[in-house]
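Here is the structure we will look at.
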Amino acid sequence: MSSKDGNSETALRPSMLADLTGRQFGELTVKQRLGLDDEGIQIWLCQCSCGQTAIITQTHLLSGTTKHCASAAHHKRLIDLTGQRFGRLTVLRQARQASSSGNARWLCQCDCGNFTEVDSYNLRHGITKSCGCLRIENSRALTQHNDGFREHMGNAQTLKNDDGIYISSVTLSKRNHTGVIGVSYDKNNERWVARLRYHGRYVLNKVCQTFEEAAELRHAAERRYLGKSN
């Protein structure tokens, strides 16, 4: 049976009927099946690591013919960080899978020897400087030299720094997967949320369309209320 018989989907090989949703092909992540093109080949909506979307045939995806979008924005936005150093991290190569925000991720080696994949935004803005060992060392030093920290150990919600600001508002928790303190992703609303709690009240609690917008709002609030220079 050919693709012109009016029932082309049943004539396709089993491999061509496979669900590619969520799979990674080069810098493309498959988002949604769109149906068949004029030649009876399945077409898919894909998102490139640069953030652009593209409609790609299944043949081109499976054969490796198409590995990223064709827009100029892809080549303009993708900054090659290979070989650069950020804090303790040396960038080795681009990771296969982009971050949830659409940014490219990079495989890095930390000075301690560990390997980690980091969002390009976090690298270039100094948000991530190690595999996590730097934070551990800083926490250990804080524990050893801060009597108040030891008194409140295990209950970070009641612990304040020397300026009276809750430690939980200015430190990265294990539950944070964005790499930016105070920025989280609301899966129910599919939106990014930026928050900052200062002296017992929220001075920032805003829903954003993009990760970059939420991160910038958080950094601006830190500069305003905490005196940080990002």
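Remember, predicted model here, so these are calculated numbers, not experimental data. Index from 1, following the sequence.
Taking all atoms of both residues into account, the shortest heavy-atom contact from E190 to Y185 is CA-OH, 3.3 Å. In this structure, F86 and L81 approach most closely via the heavy-atom pair CZ-CD2, 4.2 Å. Closest approach of C131 and N114 over heavy atoms only: SG-ND2, 3.6 Å. Nearest heavy atoms, R197 versus Y202: NH1-CE1, 3.7 Å. A pairwise comparison of heavy atoms in W192 and Q209 identifies CD1-O, 3.6 Å as the closest pair. The shortest heavy-atom contact between V118 and C108 is CG2-SG, 4.3 Å.
Among residues two or more places apart in sequence or in another chain, the salt bridge (charged side-chain N to carboxylate O under 4.0 Å, His left out) test is passed with E117 by R105. Taking R85 as the reference, T90, D111 meet the side-chain hydrogen bond (donor to acceptor under 3.5 Å, both in side chains) condition, with sequence neighbours excluded.
We find the CZ-SG distance between R88 and C133 to be 4.5 Å, quoted to the nearest 0.5 Å. To the nearest 0.5 Å, the span separating NZ on K129 from CG on L123 amounts to 12.0 Å. Atom OG1 of T128 is separated from atom NE2 of H125 by 12.0 Å, given to the nearest 0.5 angstrom. Interatomic distance, CZ of F115 versus CG of L107, reported as 7.0 Å (0.5 Å rounding). Distance check: R224 CZ to L204 CG gives 10.5 Å after rounding to the nearest 0.5 Å. Rounding to the nearest 0.5 angstrom, the gap separating the CG atom in N122 from the CG atom in L89 is 10.5 Å.
The closest side-chain heavy-atom distance from Q94 to E27 is below 4.5 Å. In this structure, the side chains of T66 and F25 stay at 4.5 Å or more apart for every pair of heavy atoms.
In this structure, H219 and Y121 have parallel ring planes: the angle between them is below the 30° cut-off, well short of the 60° mark.
Under the 3.5 Å distance criterion, with hydrogens and angles disregarded, no donor-acceptor pair is assigned to the side chains of T59 and T57. For the residue pair Q47/T29, the side-chain donor-acceptor check at 3.5 Å is not satisfied. Judged by distance alone, the side chains of Q58 and W44 do bring a donor and an acceptor atom under 3.5 Å apart.
Between the E213 side chain and the A215 main chain, no donor and acceptor come within less than 3.5 Å of each other. With hydrogens and angles disregarded, no donor-acceptor distance shorter than 3.5 Å links the side chain of Q97 to the backbone of Q24. Side-chain atoms of R218 come within 3.5 Å of backbone N or O of R195 as a donor-acceptor pair.
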Set out, in order, the CA-CA distance, both residues' side-chain angles and the distance that settles side-chain contact (heavy atoms from CB on, under 4.5 Å) for C112 and S130, then state yes or no.
CA-CA 9 Å; C112 70; S130 75; over 6 Å; no
Step by step, would you call K206 with E216 a salt bridge (charged side-chain N to carboxylate O under 4.0 Å, His left out)?
CA-CA 12 Å; K206 185 173 178 59; E216 181 54 38; over 6 Å; no
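A single hydrophobic cluster is not seen to contain both L61 and I43; linkage of ILVMFWY side chains at heavy-atom distances under 4.5 Å, directly or through other members, places them apart. Both L62 and V30 are assigned to one and the same hydrophobic cluster, defined by single-linkage of ILVMFWY side chains at heavy-atom distances under 4.5 Å. Placement of V193 and L217 in two distinct hydrophobic clusters is found when ILVMFWY residues are connected by side-chain heavy-atom separations under 4.5 Å, directly or transitively. One hydrophobic cluster, built from ILVMFWY side chains closer than 4.5 Å, holds both L226 and V203. Under the 4.5 Å side-chain heavy-atom criterion for grouping Ile, Leu, Val, Met, Phe, Trp and Tyr, L134 is not connected to I181 through any hydrophobic cluster.
For L34, the CG atom is densely surrounded, since the number of other residues' heavy atoms within 6.0 Å is greater than 12.
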